[in-house]
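Side-chain atoms are counted along with the backbone in the values below, which use heavy atoms only and exclude waters and symmetry mates. In what follows, every chain begins at residue 1, and chains take the letters A, B, ... in the order their sequences are listed. Fair warning: this is a prediction, and the values are worked out from it, not measured in the lab.
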There are 2 protein chains.
Amino acid sequence: MGRPPVKPSAALDRGLLPSLLGYVLRRAQSAVFDDFANTFAKAGEALTPGEFGLLVLVDRNAGLSQMALARALGIDRSTLVPILDRLQERGLLMRHRSPTDGRTHALALTPAGEKALARFARLVRAHEKRIASQLSAAEIRILIDLLEKVHTG
Amino acid sequence: MGRPPVKPSAALDRGLLPSLLGYVLRRAQSAVFDDFANTFAKAGEALTPGEFGLLVLVDRNAGLSQMALARALGIDRSTLVPILDRLQERGLLMRHRSPTDGRTHALALTPAGEKALARFARLVRAHEKRIASQLSAAEIRILIDLLEKVHTG
DNA sequence: GAGAATTTGTTTGATCCCCAAACAATCTCC
DNA sequence: GGAGATTGTTTGGGGATCAAACAAATTCTC
């Protein structure tokens with residue numbers, strides 16, 4: 001009669017999961033997302049990684065259409081609409097009329113959006129430093145490289 | 001007068017994004033998710049990576065409570081309820097009454113659930129092979145190792 | 001042992017992400 | 001000029017997520 005076979009707060013048996021690239025990737029991604037949210041919350045800002053990526057894309061490609069942006073983000077154009085609505089309501093971004101094509105909107109950051117993006121970029125740098133704190137510079141390069149290979153397929 | 005400065009279908013300028021671990025991680029994760037969905041769809045099965053992880057956890061830790069499972073998955077217990085509902089409706093999983101604690105449910109796979117999980121595991125192995133097709137065995141080990149470090153923080 | 005405090009699973013409510021289909025406005029191509 | 005394609009939007013339908021409130025059951029406290 002030893003103790004009952006159920007250990008009070010023992011770690012669960014995860015079976016083959018820890019050996020699966022997909023599983024480990026998902027967990028790392030989740031940890032990174034949490035740190036991102038935390039970093040911004042502590043700074044009194046509200047932004048998701050997706051929104052940050054979107055803002056950078058619009059910043060670096062002024063006049064972009066919504067279709068081109070949706071394609072670059074890998075989402076449907078209808079998914080993009082409420083996301084842009086929100087960013088526009090926050091005064092970070094504008095939908096201008098394209099002079100050459102009446103169907104499309106030429107996206108651009110507002111001056112306030114540019115300033116906010118600079119602020120966000122600073123937070124992202126701090127966030128990146130934190131999530132890579134256990135990695136050497138060489139390891140970070142390797143990791144990014146390998147992830148790129150996974151993405152390319 | 002060269003061509004206009006806007007190249008027709010040139011890749012967008014992604015600025016600093018490709019150098020950000022968080023960004024590259026998110027893209028890799030997205031590609032992996034797509035391949036997972038594809039693999040299962042082609043086999044006529046329907047399952048998400050999260051559901052697969054859940055099934056493995058229940059399989060390897062019979063009698064688990066919903067709270068313990070939610071903690072292991074890193075989600076709220078209220079989030080878990082509809083997920084279990086669906087799996088139960090599919091006949092893969094059961095909520096048994098715990099004989100020792102009337103508040104908790106003892107989770108377990110049904111026989112059909114066990115059989116389905118074996119089928120799923122085969123598909124996951126094929127999926128894993130595909131997403132890591134550009135990586136050597138050594139690289140996969142390194143990648144999993146580095147991702148684990150990111151997750152641990 | 002009785003009552004208070006905690007834990008568990010569930011429901012409800014609020015955001016959010018995602019896609020597909022339909023639609024009007026606009027452009028392109030013959 | 002008219003047919004067909006493209007663009008942004010709306011609507012509808014899944015899900016994922018959390019927070020708050022609740023009943024049932026257990027554990028703690030006196």
Begin with the C-alpha distance, continue with both residues' side-chain angles, and end with the deciding distance and a verdict on side-chain contact (heavy atoms from CB on, under 4.5 Å) for B/Val150 and A/Val32.
CA-CA 8 Å; B/Val150 170; A/Val32 167; 3.7 Å; yes
Can you measure [X] atom [atom1] to [N] atom [atom2] for me and round it to whole angstrom units?
X	N	atom1	atom2	answer
A/Leu73	D/dG8	CG	P	13 Å
A/Glu89	C/dC16	CD	C1'	14 Å
A/Met67	C/dT26	CE	C1'	15 Å
A/His105	C/dC27	NE2	C1'	15 Å
B/Leu69	C/dT10	CG	P	12 Å
A/Gln66	C/dT26	CD	P	15 Å
B/Arg95	C/dT8	CZ	P	16 Å
B/Leu84	C/dT8	CG	P	15 Å

In terms of heavy-atom contacts, B/Ala70 and B/Arg77 come closest through CB-CA, 3.9 Å
Candidate pair B/Thr79 and B/Asp76, rule side-chain contact (heavy atoms from CB on, under 4.5 Å), full reasoning:
CA-CA 5 Å; B/Thr79 303; B/Asp76 194 87; 3.7 Å; yes
Let me spell it out: for each of A/Asp101 and B/Ala106, pick the nucleotide of DNA chain C with the closest heavy atom. Which residue's pick is nearer the 5' end?
B/Ala106
Apply side-chain contact (heavy atoms from CB on, under 4.5 Å) to the pair A/Phe36 and A/Val124, showing each step before the final yes or no.
CA-CA 7 Å; A/Phe36 190 102; A/Val124 166; 3.9 Å; yes
Give me the distances for all protein-to-nucleotides 15-19 of chain D N/O pairs that come in under 3.5 Å?
| unit_1 | atom_1 | unit_2 | atom_2 | d |
| --- | --- | --- | --- | --- |
| D/dA16 | OP2 | B/Arg86 | NH2 | 2.7 |
| D/dC18 | OP2 | B/Asp76 | N | 2.8 |
| D/dC18 | OP2 | B/Thr79 | OG1 | 2.9 |
| D/dA19 | N6 | B/Ser78 | OG | 3.1 |

Assess whether side-chain contact (heavy atoms from CB on, under 4.5 Å) is satisfied between B/Arg90 and B/Leu47, documenting all intermediate values.
CA-CA 11 Å; B/Arg90 287 173 64 177; B/Leu47 203 76; 4.1 Å; yes
Value for CZ (A/Phe120) from CZ (A/Arg125), rounded to nearest 0.5 Å, stands at 13.5 Å
